[in-house]
Amino acid sequence: MSNSDETEGGAGFPALSLTGRVALITGAASGIGRASARLMAARGAAVVLSDRDDPGDTAAEIKATGGQALALALDVATDDGAAAMTRSALDQFGRLDILHANAGISGPLNPDLTTGAADFAEILRINLIGPWLAICAALPHLGAGASVICTASVAGIRAGAGGIPYSASKAGVISLVQTVASATAGRGLRINAVAPGLVETGMTAPLYTDARARGREDRIGQLNPLRRGGEAQEIAELVAFLASDAASYINGQVIAADGGLTASLPVAPRPAGGHPGA
Ligand SMILES: NC(=O)c1ccc[n+]([C@@H]2O[C@H](COP(=O)([O-])OP(=O)(O)OC[C@H]3O[C@@H](n4cnc5c(N)ncnc54)[C@H](O)[C@@H]3O)[C@@H](O)[C@H]2O)c1
């Protein structure tokens, strides 16, 4: 554990504070990545925001409120892009402690049994190889106490929440954190995955727009026990926790933030008092 002098909630409790840390967040121009960058900056981290859409607005907003931020417009899922992100973090802030490998695309949402090699490969490139390249570039610079968080998805845990290439890519992300946690044993760094359920972001905007246009917004998230969709800030809270010393014994895990969706079997609603399974 590092920064153990920073405590919250009383002496001896590990802190959620990220003061003195440098965090690199991919896909930070929008949605979950933007919320993660904002929250980690608010908790004291210097943040490097990368996205193929210029994340300059979010970086400027963080700087305007007294934070430290650097914006990079690049494709994060290339060897050059991954190397440039890490190099820029080190050049600008002198160290790297936290990587949130988050950039992703959905591809076709409906069950699609016809996706060809090029389209499938592009989803894997961005969603799975992208995090891998970011991890490879960052690892030599991550010391004890460092934390890597990858954004997976409930679609990587069970079927039904995304297209087939997307779901396969997210299952791969879960395997990635497990295998990298094992491969980096003894170094004192942690790597975990967050698995969001449905969250309103740029990626899901068409779904929300369509539901609102049809007056069906109240149907969003009805399959999870909280009966609502999530907000990017709710995923960012989990990411920032995993980035902090408060999560110092959590490693190699996938943690869902999905309103309880993956905890429930998809059974038909029963009348009150109905026999289980009836
Ligand atoms: N929104 C959801 O319901 C949901 C659920 C589960 C998982 N996720 C995952 O959360 C992550 C963030 O997505 P979001 O929902 O915030 O969507 P989003 O579209 O709002 O944000 C994704 C960002 O990634 C960027 N990006 C995509 N490919 C890139 C590339 N090659 N290089 C650089 N930047 C790239 C996009 O420009 C965008 O800004 C994704 O990995 C997504 O799969 C989202």
Side-chain angles (χ1 to χ4, degrees), residues 24-39 48-59 71-85 88 99-109 121-134 137 149-174 176-177 193-209 211 220-221 223-224 226 228-236 238-239 254-259 261-262:
L24 168 59
I25 302 104
T26 75
S30 175
I32 292 166
R34 180 164 59 190
S36 164
R38 280 177 170 156
L39 182 57
V48 178
L49 302 92
S50 63
D51 200 296
R52 61 185 176 188
D53 295 339
D54 185 1
D57 287 354
T58 306
L72 303 171
L74 45 77
D75 184 335
V76 303
T78 64
D79 287 311
D80 289 349
M85 292 188 297
S88 298
L99 168 64
H100 182 193
N102 166 78
I105 59 171
S106 67
L109 286 176
E122 180 64 357
I123 294 170
L124 292 183
R125 181 183 77 83
I126 294 176
N127 291 4
L128 178 55
I129 298 174
W132 168 244
L133 296 177
I149 305 101
C150 296
T151 304
S153 169
V154 293
I157 300 174
R158 305 259 189 277
I164 290 171
Y166 179 80
S167 302
S169 74
K170 294 301 185 176
V173 170
I174 292 169
L176 196 61
V177 305
V194 298
L198 182 62
V199 178
E200 185 168 12
T201 65
M203 180 179 285
T204 55
L207 185 151
Y208 276 80
T209 302
I220 290 175
L223 291 177
N224 76 63
L226 289 184
R228 64 175 179 83
E231 294 176 13
Q233 174 75 16
E234 296 179 297
I235 311 305
L238 176 56
V239 172
V254 52
I255 303 177
D258 64 353
L261 181 68
T262 49

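Numbering of residues begins at 1 and proceeds along the displayed sequence. Counting starts at 1 for both ligands and their atoms, in listed order.
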Distance dump, ligand 1 polar atoms to protein, N/O, under 3.5 Å:
unit_1: ligand 1; atom_1: 1 (N); unit_2: Val199; atom_2: O; d: 3.0
unit_1: ligand 1; atom_1: 1 (N); unit_2: Thr201; atom_2: OG1; d: 3.1
unit_1: ligand 1; atom_1: 3 (O); unit_2: Gly197; atom_2: O; d: 3.3
unit_1: ligand 1; atom_1: 3 (O); unit_2: Val199; atom_2: N; d: 2.8
unit_1: ligand 1; atom_1: 3 (O); unit_2: Val199; atom_2: O; d: 3.3
unit_1: ligand 1; atom_1: 15 (O); unit_2: Thr201; atom_2: OG1; d: 2.6
unit_1: ligand 1; atom_1: 16 (O); unit_2: Ile32; atom_2: N; d: 2.8
unit_1: ligand 1; atom_1: 17 (O); unit_2: Thr201; atom_2: OG1; d: 3.4
unit_1: ligand 1; atom_1: 19 (O); unit_2: Met203; atom_2: N; d: 3.2
unit_1: ligand 1; atom_1: 20 (O); unit_2: Ser30; atom_2: OG; d: 2.5
unit_1: ligand 1; atom_1: 20 (O); unit_2: Gly202; atom_2: N; d: 3.0
unit_1: ligand 1; atom_1: 31 (N); unit_2: Asp75; atom_2: OD1; d: 2.8
unit_1: ligand 1; atom_1: 32 (N); unit_2: Val76; atom_2: N; d: 3.0
unit_1: ligand 1; atom_1: 34 (N); unit_2: Arg52; atom_2: N; d: 3.1
unit_1: ligand 1; atom_1: 37 (O); unit_2: Asp51; atom_2: OD1; d: 2.6
unit_1: ligand 1; atom_1: 39 (O); unit_2: Asp51; atom_2: OD1; d: 3.3
unit_1: ligand 1; atom_1: 39 (O); unit_2: Asp51; atom_2: OD2; d: 2.6
unit_1: ligand 1; atom_1: 41 (O); unit_2: Asn102; atom_2: O; d: 2.7
unit_1: ligand 1; atom_1: 41 (O); unit_2: Lys170; atom_2: NZ; d: 2.8
unit_1: ligand 1; atom_1: 43 (O); unit_2: Tyr166; atom_2: OH; d: 2.7
unit_1: ligand 1; atom_1: 43 (O); unit_2: Lys170; atom_2: NZ; d: 3.0

Side-chain donor-acceptor contacts of residues 193-204 below 3.5 Å, not counting sequence neighbours, with atom names and distances?
unit_1: Glu200; atom_1: OE1; unit_2: Arg212; atom_2: NH2; d: 3.0
unit_1: Glu200; atom_1: OE2; unit_2: Arg212; atom_2: NH1; d: 2.8
unit_1: Glu200; atom_1: OE2; unit_2: Arg212; atom_2: NH2; d: 3.1
unit_1: Thr201; atom_1: OG1; unit_2: Met203; atom_2: N; d: 3.1
unit_1: Thr204; atom_1: OG1; unit_2: Val199; atom_2: O; d: 2.6
unit_1: Thr204; atom_1: OG1; unit_2: Thr201; atom_2: N; d: 3.0
unit_1: Thr204; atom_1: OG1; unit_2: Thr201; atom_2: O; d: 3.4

Q) Is any side-chain N of the basic residue among Asp57 and Arg34 closer than 4.0 Å to the acidic one's carboxylate O? A) no

Q. Do you see a donor-acceptor pair shorter than 3.5 Å between the side chains of Thr151 and His100?
A. yes

Q.
In the structure I gave you, are the side-chain heavy atoms of Leu39 and Gln233 within less than 4.5 Å of one another anywhere?
A. yes

Q: For residues 153-162, pull every pair meeting side chain to side chain donor-acceptor pair (under 3.5 Å), keeping only residues two or more places apart or in separate chains.
A: none

Q: Return the set of residues passing side-chain contact (heavy atoms from CB on, under 4.5 Å) with Ile129 (not counting sequence neighbours), or none when no residue passes.
A: Leu133

